[in-house]
Amino acid sequence: MDDEISKHIQPVFRFAMRLTKSDRHRAEDLTQETLLRAMRARSQLSSPQHARAWLFQIASNLWRDQHRRRKGTTELTGSPLPEQTPAIKAEVGQAVMLQEQCARAIEQLDTLPDRQRQVLYLSACEELSIAEIASVLGITQSAVKASLCVARARMRYIQDTYEADPIGGKAAKHDPT
Amino acid sequence: MTPHSCDQIRELMTGPMSDAQAISVEEHVEHCSGCQEHFYQPEFPPEQFTQRLRRGNAAIALPAARTAELLAATRDASNYDIPSRKRQLPRTTRFVFIAASLAACLILALGWWQFTRPANSSIGLVQETETSITRPSDRDNTPAVTTKKQEPASAPPNTAAVANTEPAATLFVRDGFMVADKETDDGEIPFFWVLPSSRQSVH
C-alpha cells in the first residue's frame, strides 16, 4: 500500500507546486506531509485506482489548513516571469520557445485565484472528472463547472493578449480593469 | 458587489477580469443553469493553453535523488509515529508465542499436580491388616524368617530350639508405617516407613 501511495509522488509534487504557486520548498514540504498523512491513513483508501485523487484531496486539505494558519502574514508569491526582449526570442530555437511557452502557461495559471487555478489544473493537467475534482476540493460539481468556465475564459484572454503583445500583455493580465 | 445579469456575465467572460470580478462571475455561473449550460463544454478539444499547461506541468519534477530522500524520510517518520506498528510482531510469531506459553503453563500445572498428589492409588490398596513375621531370637541367633529351618534328614530334630522360640512380633501397617506391637529389649517400638511403591506388596 505504501508503494501504491509513493508512486504518485510526482503528481502530488506538481499539484503542490500549483497550490503553492511554484514555491518549490513549500511544495516539497507539502508533498512530504501529504505522503505522511496518506501512509498513516492508508486504511481509508478504498481502492488503488482512487489513490491519486485521494492524495490530491489530502494535499488540498493540508494546504487549506496551512493557508488558514498563515492568514494575516505576508503571502509569498512565485518568481516573476523573466523579461524577454524580441531580440533574445529570435535567437532561441523552436524547442526552447515551446518550452518557454509551456513554462509561461504554468506561470499564467498561477495568477488565477486559488479555486480557479486548482480546478483548471486538475481538469487540464491531471484530467480528473468534475466529480473527482469536486471530491478533491470539497465543493459542489456546479461550483467546479463555474470555476472551470471562468478559469478557461481568463486563461484564454491572458494568452491571447500575451500573443498579441508580449510585453503589454504581461502587464495587462495583472491589471485587467 | 452588485449581482450581474446573464448578459453582463457573458460580456465579462470575453474580456479582462479582476480577481474580484472573476469570483463574482463564478458565483453567478454556479447558481445559473442557463449560464452554466452556455459556458461549460464538457467535451471540447484541448485548447492551446491546455496543451501548453500539460507540457509545462510534465516538465516539473522532483529529481530522483530528492524523491528518494523524501520517500525515505516519509517512511521513517511514518514508522516512528506509529510505535504500536513498530513493536507489533507478525501474526504467526504471535500465535507461536502464545501457543508455546500455553503449553509451558500446561506442563507446569501437570507437574505440580503430579508432585503434590498423595499416593492414594498405592495407599488405597494397603489395608490395615496384621502382618506376622518372625523376629530373630536373641538367644540362638536364628535368621528372621518364617520358614522352618531345613535340617538334614539324618539329623534328629532340634526340639529345644523350637521350644525356646519366643512368639513372633506383630507388625501393623498404619498411616504408611509398619509398627511393631511389642517393644524391643531396649524398650523401643520399631517402625518402618513403607515406600508407596512397595505398599502394594505388603499385605
Side-chain angles (χ1 to χ4, degrees), chain A residues 2 5-6 9-10 13-14 17-18 22 27-28 31-33 35-36 38-40 98-99 101-109 111-113 115-116 120-121 123-127 130 140 142-159 161 163 172-173 175-177, chain B residues 9-10 12-33 35-42 44 46-64 66-82 85:
Chain A
D2 283 357
I5 290 168
S6 56
I9 188 167
Q10 295 294 355
F13 174 69
R14 288 185 197 121
M17 284 285 278
R18 296 286 61 76
S22 303
E28 283 188 13
T31 304
Q32 186 172 6
E33 189 63 26
L35 294 178
L36 186 59
M39 283 177 184
R40 280 181 195 161
L98 183 66
Q99 199 179 346
Q101 285 172 345
C102 296
R104 194 181 307 116
I106 290 288
E107 295 204 21
Q108 285 166 344
L109 176 70
T111 64
L112 298 180
R115 193 200 277 184
Q116 290 169 20
L120 185 57
Y121 173 79
S123 170
C125 300
E126 296 296 338
E127 298 178 63
I130 297 294
T140 62
S142 292
V144 173
K145 285 178 186 174
S147 295
L148 201 53
C149 293
V150 178
R152 278 175 184 163
R154 290 190 79 187
M155 279 297 284
R156 219 173 284 140
Y157 178 80
I158 291 167
Q159 290 251 312
T161 312
E163 296 295 325
K173 76 179 177 188
D175 185 19
T177 52
Chain B
I9 293 295
R10 284 165 202 191
L12 278 169
M13 285 285 260
T14 54
M17 272 188 277
S18 67
D19 283 353
Q21 280 174 325
I23 290 167
S24 167
V25 170
E26 203 179 315
E27 279 173 12
H28 175 94
V29 176
E30 185 183 342
H31 298 104
C32 176
S33 55
C35 284
Q36 213 173 95
E37 207 172 313
H38 183 265
F39 291 116
Y40 181 68
Q41 301 161 303
F44 72 102
E47 294 174 76
Q48 197 179 35
F49 76 82
T50 309
Q51 289 169 341
R52 286 178 182 173
L53 276 179
R54 283 181 189 166
R55 287 202 194 106
N57 185 55
I60 298 168
L62 269 175
R66 184 76 187 116
T67 305
E69 227 175 77
L70 209 76
L71 280 174
T74 309
R75 284 208 177 99
D76 282 352
S78 175
N79 287 333
Y80 181 79
D81 285 354
I82 309 170
R85 188 173 163 238

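In what follows, every chain begins at residue 1, and chains take the letters A, B, ... in the order their sequences are listed. All values derive from a computational prediction rather than experimental measurement.
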For Gln32(A), is it the side chain, the backbone, both or neither that has a heavy atom under 4.5 Å from a heavy atom of chain B?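 Interface part for Gln32(A): both.
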Contact class of Leu35(A) relative to chain B, heavy atoms under 4.5 angstrom: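 Both backbone and side chain.
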Ignoring hydrogens, what is the shortest heavy-atom contact between Leu53(B) and Ala124(A)? Give both atom names and the distance.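 Scanning both residues, the minimum pair turns out to be CD1-CB, 4.3 Å.
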What's the shortest heavy-atom distance between Arg154(A) and Ala22(B), and which atoms?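 That would be NH1-CB, 3.4 Å.
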Between atom [atom1] of [X] and atom [atom2] of [Y], what is the distance when rounded to the nearest 0.5 Å?
X         : Y         : atom1 : atom2 : answer
Ile106(A) : Arg55(B)  : CD1   : CZ    : 12.0 Å
Met13(B)  : Cys149(A) : CE    : SG    : 5.0 Å
Ile60(B)  : Cys125(A) : CD1   : SG    : 8.0 Å

Contact origin within [X] toward chain A - heavy atom pairs under 4.5 Å:
X        : result
Ala59(B) : neither
Ser33(B) : neither
Ala58(B) : backbone

Could you walk me through whether Arg54(B) and Glu127(A) satisfy the side-chain contact (heavy atoms from CB on, under 4.5 Å) test, starting with their C-alpha distance in whole Å, then the side-chain angles of each, then the deciding distance to 0.1 Å, before giving a yes or no? CA-CA 10 Å; Arg54(B) 283 181 189 166; Glu127(A) 298 178 63; 3.8 Å; yes
Are any of the side-chain heavy atoms of [X] and [Y] separated by less than 4.5 Å?
X         : Y         : answer
Arg115(A) : Glu26(B)  : yes
Gln116(A) : Asp19(B)  : no
Phe49(B)  : Arg152(A) : yes
Thr74(B)  : Ile9(A)   : no

Could you go step by step and tell me if Val150(A) and Gln21(B) meet the side-chain contact (heavy atoms from CB on, under 4.5 Å) rule? CA-CA 10 Å; Val150(A) 178; Gln21(B) 280 174 325; over 6 Å; no
Distance only, no hydrogens: is a donor on one side chain within 3.5 Å (strictly under) of an acceptor on the other, for Arg52(B) and Gln159(A)?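 Short answer, yes.
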Would you say the side-chain atoms of Arg14(A) pair up with the backbone N or O of Asn57(B), donor to acceptor, closer than 3.5 Å?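 Confirmed, Arg14(A) side chain pairs with Asn57(B) backbone.
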Highest number of heavy-atom pairs under 4.5 Å with chain A: which of Leu62(B), Val29(B), Thr14(B)?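 Going by pairs under 4.5 Å, I would pick Leu62(B).
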Does Gln10(A), at its CD atom, have more than 12 non-hydrogen atoms belonging to other residues, nucleotides or ligands within less than 6.0 Å?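 More than 12 within 6.0 Å, yes.
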Do you know which of Glu126(A), Lys145(A), Arg18(A) has the most heavy-atom pairs with chain B at a distance under 4.5 angstrom?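 Highest number of heavy-atom pairs under 4.5 Å: Lys145(A).
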Could you pull out all residues at least two apart from Glu33(A) that satisfy side chain to side chain donor-acceptor pair (under 3.5 Å)?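 Residues passing side chain to side chain donor-acceptor pair (under 3.5 Å) with Glu33(A): Arg37(A).
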Phe13(A): ring pair (Phe, Tyr, Trp, His ring centres under 6.0 Å) partners, not counting sequence neighbours: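 None.
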